[in-house]
*Asks:* 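Below you'll find the structure I mean.
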Amino acid sequence: MPSKRTISGWGRYPVIEAREEFPAGRETLSPKLNAPYLPRGQGRSYGDAGLPASDHTALNTSYLDRFISFDPVTGILEAEGGVTLERILRFSLPRGFFLPVTPGTMFVSLGGALASNVHGKNHHRCGSIEHFVTEFEIGTPSGTFTCSRESNRELFLATLGGYGLTGTITRANLKLKPVTSIQVDCLRIRAKNLEAMFRLFEEHDTNFEYSVAWMDALAKGGNRGRGILMLGNHSDMPVTGNRSREKTKLRVPFPMPGMLMNNASLKVFNTAIYLFSRHGKSRENFESFFYPLDRILDWNLLYGKQGFLQYQCVIPDPHGQQGIESCLRFLSDNGLGSFVSVLKRCGDDEVMLPFCKRGYTLALDIPFHGTKTLRALDRLDALVIDYGGRVYLTKDARLKPEAFRAMYPEYKTWMDTIRHFNPEGKISSRLAERLKLWDA
Amino acid sequence: MGRIVIFSATSGIARAVAEEFLAQGEELVLTGRSKESLDAVARDLQVLSGKAIPCFVWDVLGFAEHERLFRELIAVHDISGLFMAAGIQIPQKECDAEPAKTLLTFNTNLNGPVAVMTLFAQHFKQTNSGFISCVSSVAGDRGRGSITAYASSKAGLSAHLQGLANRLKNTGVLIQCVKPGYVRTPMTAGLRSLLIVSPRWAARDIVNAIRKKREVVYTPFFWKYIMLVIRAIPEPLFRKLGL
């Protein structure tokens with residue numbers, strides 16, 4: 001029995017004491033599934049979705065990282081649940097395949113990506129990763145099942161975007177996307193305010209596979225919502241010498257002083273980015289387009305010891321634009337800074353507990369300043385609920401149970417399915433405890 | 001050109017080294033104790049390389065079987081090198097509580113690998129070619145209170161490799177002692193250190209060093225200097241540091 005150690009999500013809030021085990025390979029897994037536990041991948045969800053509930057052990061899947069098969073005709077890759085997207089890309093790019101959907105970091109596990117039903121810059125076109133998972137095998141407290149849309153459909157749809165609560169994904173089949181190049185043809189356009197930004201989204205989204213906007217969340221008045229829209233398509237210049245050169249990575253060695261991220265520094269940083277960042281057309285390597293933050297390892301330490309909160313909400317149409325504007329107004333009225341703020345148009349998810357709804361999604365990195373920050377975000381929740389929106393649980397560390405229920409009316413069906421396979425909460429997370437899911 | 005035997009191929013460093021060898025166009029045979037784990041690793045490497053990879057169940061602790069298995073292996077395959085990665089690290093507290101665990105540490109890290117390497121060394125000596133690259137550890141460079149059993153078993157292994165290299169100095173056989181620092185493998189699972197590197201990093205260093213015929217390899221390189229300092233610390237002071 002390993003001793004307890006401190007673990008946290010990527011946002012470094014909350015930090016808990018828990019046991020963590022590291023089974024090597026899926027064949028060694030079954031004896032570990034008897035004690036109360038939570039599957040945990042690379043610990044890249046921001047809040048407490050990847051933290052085991054009290055008296056549960058974290059079952060780290062880092063060494064369940066082997067490929068099982070690959071079919072170059074269909075592009076279907078079969079791999080163990082702990083393999084990282086980075087390892088998949090290192091394998092697939094030289095063979096002319098890319099991830100069909102990718103989050104903003106490649107340092108997540110495949111199982112974690114499924115449990116969070118991750119979305120990417122192409123959500124407006126092809127939705128979340130759910131659509132590219134053809135099958136997976138999952139170990140649940142009620143047995144091991146092979147799931148797809150055709151067989152064990154309920155478990156399939158409750159596990160994708162199910163935050164690990166149904167079981168451990170031991171292997172999964174992911175349909176990769178053929179690409180001719182590892183480069184992306186990009187177009188960056190500056191928008192002087194939110195209205196202009198929405199106009200740009202409407203104008204360009206149909207012509208580009210990838211789109212996302214970076215925004216200066218601190219700008220007020222006529223500048224509110226100013227930012228840069230980044231658009232991209234896979235370049236059709238063929239993949240040649242296709243092993244992409246690995247870039248040197250920087251690492252933040254230890255937590256920076258918390259004062260580093262104050263409203264003044266955020267303001268300077270955001271204004272500078274708005275004024276000086278590139279715009280116009282360019283051709284970029286996939287890494288700088290999809291994973292700019294992966295260049296700095298452990299960038300979460302920039303926020304200091306107290307960590308930070310990610311707040312990502314979606315506001316569905318027809319009030320998407322209006323809702324986002326209200327959110328931004330709320331942020332600046334309440335002096336809530338956000339280091340990196342991201343806006344994106346999205347479509348509907350089809351899993352049992354869907355996050356994305358046709359509309360706009362806004363993601364914010366908010367430095368954590370104790371109860372003051374928590375209270376302000378509670379009020380932001382109320383605003384999001386008024387617009388029929390919801391908060392992404394993968395990034396959440398502080399949502400209240402009542403707010404969760406108001407945001408996710410589907411939770412009952414989802415919990416019924418979870419209870420069917422995990423009846424006693426043998427698999428449980430801090431997230432499940434905090435949202436009182438087992439009382440629902 | 002013969003095949004390289006990856007001994008204990010399911011270990012973190014061995015998998016990465018196998019991957020690196022395959023990328024260089026080498027042919028491999030994998031060995032290990034569990035057929036199931038071995039097959040899973042072989043499949044992974046097969047997906048990566050597109051080549052079928054033979055597996056051979058061989059437990060480093062099966063002393064009575066070593067010679068027979070070795071004969072069987074060389075009867076089927078032409079062998080050009082051995083990468084030995086068998087090893088275990090049991091917390092010193094457990095070794096203190098149960099002497100059997102100290103013994104297991106020595107059998108897995110020292111006695112077993114030495115027995116297997118002796119067979120290969122004789123074979124390579126006769127053909128006047130081939131290499132043995134064996135994973136020891138920086139921990140073997142000095143006796144340590146915190147990991148006494150592990151460090152001393154690796155010290156024995158490093159000394160054995162040094163001796164073997166001396167004995168085979170005028171042959172075409174390379175004997176290489178690999179001394180990794182912290183590498184992200186199941187053995188170091190959960191370890192947090194700024195100095196920790198990926199198995200790929202270590203694997204590249206090792207495969208490069210084999211090509212350059214180097215007899216001692218620290219990976220990453222800076223451990224050479226760290227250990228230079230650690231070895232130079234006078235014993236009374238070292239004791240105070242409680243490493």
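Sequence lines set the chain letters: A, B, ... in the order given, protein chains first and strands last, and positions in each chain run from 1. What you see is a predicted model, and the numbers here were worked out from it, not measured in a lab.
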*Asks:* Checking heavy atoms, do the side chain of B:Glu94, its backbone, both or neither come under 4.5 Å from chain A?
*Replies:*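 Neither; nothing under 4.5 Å.
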*Asks:* Identify the two heavy atoms, one from B:Arg15 and one from A:Asp65, that lie closest to each other, and give their separation to 0.1 Å.
*Replies:* NH1-OD1, 2.7 Å
*Asks:* OH of B:Tyr182: more than 12 outside heavy atoms within 6.0 angstrom?
*Replies:*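 Check fails, neighbour count at 12 or below.
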*Asks:* If you count the non-hydrogen atoms of other residues, nucleotides and ligands that lie under 6.0 Å from NZ in A:Lys177, is the total more than 12?
*Replies:* yes
*Asks:* Is it the case that atom CG in A:Asp55 sees more than 12 heavy atoms from other parts of the structure closer than 6.0 Å?
*Replies:*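 No, the 6.0 Å shell around CG holds no more than 12 heavy atoms from other groups.
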*Asks:* Are A:Glu80 and B:Arg43 within salt-bridge range, i.e. N to O under 4.0 Å?
*Replies:*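 Judged by the 4.0 Å cut-off on N to carboxylate O distance, A:Glu80 and B:Arg43 do not form a salt bridge.
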*Asks:* Test your reading of the model: is there a side-chain donor-acceptor pair from A:Arg66 to the backbone of B:Ala42, 3.5 Å cut-off?
*Replies:* no
*Asks:* Name the member of B:Asp44, B:Leu45, B:Val41 that forms the most heavy-atom pairs with chain A at distances under 4.5 Å.
*Replies:*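 Sorted descending by pairs with chain A, the first entry is B:Asp44.
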*Asks:* Which atoms of A:Asn60 are under 4.5 Å from chain B, going by heavy atoms: the side chain, the backbone, both sets, or neither?
*Replies:* neither
*Asks:* Apply salt bridge (charged side-chain N to carboxylate O under 4.0 Å, His left out) to the pair A:Glu27 and B:Lys35, showing each step before the final yes or no.
*Replies:* CA-CA 10 Å; A:Glu27 67 283 357; B:Lys35 177 155 193 332; over 6 Å; no
*Asks:* Heavy-atom distance under 4.5 Å to chain A: side chain of B:Thr185, backbone, both or neither?
*Replies:*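 The backbone, not the side chain.
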*Asks:* For A:Phe70 and B:Val47, work out which heavy atoms get closest and say how close.
*Replies:*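 Minimum heavy-atom separation between A:Phe70 and B:Val47: CB-CG1, 3.9 Å.
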*Asks:* Can you tell me if B:Arg33 has over 12 outside heavy atoms packed within less than 6.0 Å of its CZ?
*Replies:*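 12 or below, so no.
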*Asks:* Which answer fits A:Ile7, side chain, backbone, both or neither, if we ask what part of it has an atom under 4.5 Å from a heavy atom of chain B?
*Replies:*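 It is both, since atoms from each part get that close.
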*Asks:* For a quick test of reading the model, state the closest non-hydrogen atom pair linking B:Leu48 to A:Phe67 and the distance between them.
*Replies:*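 B:Leu48 and A:Phe67 have their closest heavy atoms at CD2-CE1, 3.7 Å.
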*Asks:* Which one, A:Glu78, A:Arg87, A:Arg251, leads in non-hydrogen pairs under 4.5 Å with chain B?
*Replies:*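 Highest number of heavy-atom pairs under 4.5 Å: A:Arg87.
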*Asks:* Step through the shown structure and confirm whether more than 12 heavy atoms of other residues, nucleotides or ligands are within 6.0 Å of NZ on B:Lys51.
*Replies:*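 Enclosed: over 12 neighbouring heavy atoms sit under 6.0 Å from NZ of B:Lys51.
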*Asks:* For a 4.5 angstrom cut-off between non-hydrogen side-chain atoms, does B:Pro186 reach A:Phe22?
*Replies:*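 Heavy-atom side-chain distance check fails, nothing below 4.5 Å.
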